Amino acid sequence: MIKLLKLEFIKLFSYKTFIVLIILYCVLLTLSLVGTNGFLSSIGTSINSSIVKEAPNHHSVNPKTNAKLSKDVNLTQLPISNKFDIFKFPDVWHNISYIASWFSFLLAFIVIINISNEYSFKTIRSNIMNGLSRLDFIFSKLMFVLLLSIASSIFVFLLCLIFGLISSSSYGSIFENSGFIFGYFIQVITYLSFALFIGVLVKKSGFAIVLLLLYSIIIEPLAAGLLRNSIGHYLPLSNLNSLIDFPFLKYFTISWGADIFEFNINIIICVFYCLIFMGTTFLVIKKSDL
Amino acid sequence: METALSVKNLSKKYGRINAVNDISFEVQRGSVFGILGPNGSGKTTTLGIILDIILPNGGEYYWFGKKSSKENRKKIGSILETPNFYPYLSAVKNLQIISEIKDLPIENIETSLKTVGLYERRNSSFKTFSLGMKQRLAIASAIIGNPEVIILDEPTNGLDPQGIFEIRELIKQIAAQGTTVILASHLLDEVQKVCTHFAILKSGKILFKGNAKDLSHNVKSFEISSDDNNKLYEILKNYNEIKSISKEENILVATCSNEVSAVNINSYLFSKDVTLSHLVLRKESLEKQFLEILNETR
């Protein structure tokens with residue numbers, strides 16, 4: 001196992017595309033967090049000031065408790081927190097996990113490039129000719145997927161902690177809701193297994209990336225729309241997305257979805273999909289000429 | 001002698017095409033086994049199957065008497081078709097991957113790079129190499145750690161004459177150490193120079209297999225000339241022992257069966273009042289016989 005990891009390490013550590021994509025991922029994610037926060041607070045401030053004009057008697061209240069109290073109150077009558085800050089504990093866990101999940105596609109590119117390179121350089125052949133079994137080979141790629149998922153979860157965890165500590169004034173409930181990181185991990189490892197599966201199926205990086213994006217943006221949403229909510233909700237990516245709900249509505253209106261991370265059926269379905277993708281990837285490599 | 005590889009009734013189909021059609025052969029330990037055949041005759045497919053990267057439709061193969069396994073493959077060094085390496089990695093890093101897979105100590109890398117003359121360029125990335133250098137790196141990767149068997153598919157592809165000579169010497173040297181070598185080539189000359197045994201492949205079938213020595217003793221040819229080659233030609237045509245005669249510039253080349261000697265020819269011609277100015281036994285090249293064997297089945 002250590003041998004397989006060492007092999008992946010030699011293969012990737014000197015690979016510029018890999019390093020560039022990793023740096024790009026880290027930088028883009030961090031910037032987008034700051035950007036989203038700035039964008040939301042500017043919307044918040046403008047809505048707030050218009051509300052303040054209309055209803056000057058209202059004082060700012062915690063949006064969550066407020067939302068629960070006033071479910072049937074007209075949206076425009078809602079008082080909204082003066083200060084929008086998505087980085088405050090404990091909501092930061094939910095918010096950053098959600099934003100980070102949008103950037104999984106960059107990690108998926110890395111996985112696709114990693115596997116399709118082995119085909120285009122024909123190094124999958126030389127790896128096996130020289131004494132890896134097909135199982136070893138696919139195991140090394142699965143470990144890469146696992147490690148990349150763990151690393152990005154740790155990165156997201158650190159982002160939450162750092163941004164949270166900077167923005168919050170009270171540190172009483174720092175790790176409340178940090179379960180979202182677990183949700184993020186499940187989401188990312190399933191998505192990356194999906195990418196690996198597509199990579200092995202298509203073998204060409206460009207085509208695989210296009211297919212992944214087509215599926216994510218057009219094919220599945222279309223299929224989900226046609227199937228309505230009943231089954232459509234359980235298609236791989238829809239199911240994946242439901243692990244971490246859109247978190248920002250609570251700043252504007254009533255509470256939407258779960259604000260706390262709960263263990264639910266979607267997680268089990270996700271793990272199930274993840275195993276299916278990994279298993280079929282293995283079967284494809286086991287049963288085909290290389 | 002012990003068997004290094006035995007192949008039994010191997011078949012591989014690509015759609016309707018039988019790339020490999022019911023092939024069986026054995027390679028003895030310590031021999032240099034040549035697989036000869038024109039392009040597309042199934043050489044690489046056969047090697048791909050015995051290296052477990054192509055799955056056969058039928059048949060079996062055994063390495064050292066055992067079923068295929070990764071442990072077997074660790075004892076085999078190989079080149080298949082083009083050199084396959086990570087283009088962005090240096091020669092050393094690429095060999096590091098291979099020695100890691102084969103569980104070899106790292107010191108082997110230096111030795112094999114020096115053997116193929118790439119040590120000076122060890123830290124350059126693979127993509128900066130010329131075709132010849134890539135091929136040398138492929139050979140370095142095949143010989144790393146002195147494997148028990150070396151499989152070479154077109155090993156002199158892309159090399160200059162000097163390189164070709166060096167690689168052939170290297171193959172002989174490796175074989176002299178007792179390493180089993182399996183060499184696939186469409187260059188007959190190559191096989192003739194280094195192989196002890198060989199098989200001829202065409203359209204996925206084995207047309208001939210045997211000892212390199214046996215084959216070159218099947219037929220032989222003589223270079224003959226006299227003052228009047230036209231007359232000589234007519235007379236030779238009537239000689240039963242002669243299979244074929246061809247004209248080459250100032251000489252005639254007569255091919256005949258193995259039993260015929262120069263004495264037979266000379267005395268026959270002498271009886272017909274022809275005196276020769278030139279009579280030499282020509283070592284029949286494998287190439288000619290190879291082409292003959294290929295033509296016979298056409």
Side-chain angles (χ1 to χ4, degrees), chain A residues 1-23 110 112-141 143-144 199-200 203-205 282-290, chain B residues 12-14 19 44-45 47-57 63 68-90 92-104 106 123 125-127 134 137-138 141-142 144-145 147 149 151 153:
Chain A
M1 187 143 127
I2 288 162
K3 171 177 161 176
L4 297 177
L5 276 178
K6 203 172 161 190
L7 281 174
E8 282 300 298
F9 186 77
I10 304 172
K11 287 175 192 176
L12 289 169
F13 196 65
S14 327
Y15 188 38
K16 277 191 199 121
T17 313
F18 171 70
I19 292 166
V20 167
L21 278 172
I22 290 284
I23 293 173
I110 293 175
I112 286 179
I113 289 169
N114 180 348
I115 185 72
S116 57
N117 272 353
E118 301 277 7
Y119 281 100
S120 56
F121 304 152
K122 290 191 176 173
T123 41
I124 182 171
R125 282 183 155 200
S126 82
N127 280 194
I128 288 175
M129 264 160 44
N130 282 304
L132 282 191
S133 66
R134 288 169 190 236
L135 183 62
D136 285 340
F137 180 83
I138 198 59
F139 204 56
S140 74
K141 296 302 169 198
M143 284 213 290
F144 172 70
V200 164
K203 298 181 177 67
K204 299 217 162 34
S205 59
F282 173 66
L283 279 182
V284 169
I285 290 197
K286 178 90 187 160
K287 297 284 175 203
S288 59
D289 295 337
L290 305 174
Chain B
K12 175 69 184 177
K13 278 184 188 173
Y14 290 116
T44 303
T45 309
L47 296 182
I49 293 172
I50 61 177
L51 288 168
D52 198 30
I53 58 171
I54 295 173
L55 305 169
N57 293 113
W63 283 107
S68 152
S69 74
K70 63 176 177 179
E71 294 308 322
N72 283 340
R73 291 199 298 281
K74 284 179 189 169
K75 299 183 217 158
I76 304 166
S78 48
I79 309 177
L80 205 62
E81 276 181 315
T82 48
N84 302 327
F85 293 101
Y86 298 89
Y88 54 88
L89 290 182
S90 67
V92 168
K93 284 256 173 71
N94 268 306
L95 291 188
Q96 210 181 322
I97 288 181
I98 286 168
S99 54
E100 187 69 32
I101 292 175
K102 286 188 180 302
D103 300 323
L104 294 171
I106 211 119
N123 290 321
S125 66
F126 177 69
K127 62 172 178 251
K134 285 176 177 171
L137 185 62
S141 80
I144 197 163
V149 178
I151 295 180
D153 187 11

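We name chains A, B, ... by the order of the sequence lines, and we start the count at 1 in each one. Everything quoted here is computed from the prediction, not taken from an experiment.
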(request) Using atom types as modelled and distance alone, determine if a side-chain donor or acceptor of A:Arg134 lies under 3.5 Å from a backbone N or O of A:Ser288. (result) yes
(request) Tell me, for B:Lys75 versus chain A, whether the close heavy atoms (under 4.5 Å) come from the side chain, the backbone, both or neither. (result) neither
(request) Would you check if A:Phe144 and A:Ile115 make a side-chain contact, meaning some heavy-atom pair closer than 4.5 Å? (result) no
(message) If we define contacts as heavy-atom pairs under 4.5 Å, which of A:Lys6, A:Glu118, A:Lys11, A:Lys287 has the most with chain B?
(response) A:Lys11
(message) If we define contacts as heavy-atom pairs under 4.5 Å, which of A:Ile128, A:Leu4, A:Leu290 has the most with chain B?
(response) A:Ile128
(request) Looking only at non-hydrogen atoms, find the nearest pair between A:Lys204 and A:Ser116 and report the distance. (result) C-CB, 4.0 Å
(message) Given heavy-atom pairs under 4.5 angstrom as the criterion, report whether the side chain, backbone, both or neither of A:Thr17 touches chain B.
(response) neither
(message) For chain B, which candidate among A:Asp136, A:Ile124, A:Thr123 shows the most heavy-atom pairs at distances under 4.5 Å?
(response) A:Thr123
(request) Identify the heavy atoms of B:Lys70 and A:Leu132 that sit nearest to each other, and give their distance. (result) CB-C, 4.1 Å
(message) Can you tell me which portion of B:Leu89 sits under 4.5 Å from chain A's heavy atoms? Options are side chain, backbone, both or neither.
(response) side chain
(request) Identify the heavy atoms of B:Asn84 and A:Ser126 that sit nearest to each other, and give their distance. (result) O-OG, 3.8 Å
(message) I'd like to check the ring pair (Phe, Tyr, Trp, His ring centres under 6.0 Å) partners of A:Tyr15; sequence neighbours left out, ordered by chain and number.
(response) B:Tyr88
(message) Report which part of B:Glu81 has an atom under 4.5 Å of a heavy atom belonging to chain A: side chain, backbone, both, or neither.
(response) side chain
(message) Among residues at least two apart in sequence or on other chains, which ones pass ring pair (Phe, Tyr, Trp, His ring centres under 6.0 Å) with B:Phe126?
(response) B:Phe85
(request) Check each atom of B:Ile50 against the heavy atoms of chain A and say whether the ones under 4.5 Å are side chain, backbone, both or neither. (result) neither
(request) Heavy-atom pairs under 4.5 Å with chain A are the metric here; pick the option from B:Asp52, B:Leu55, B:Leu51 that has the most. (result) B:Leu55
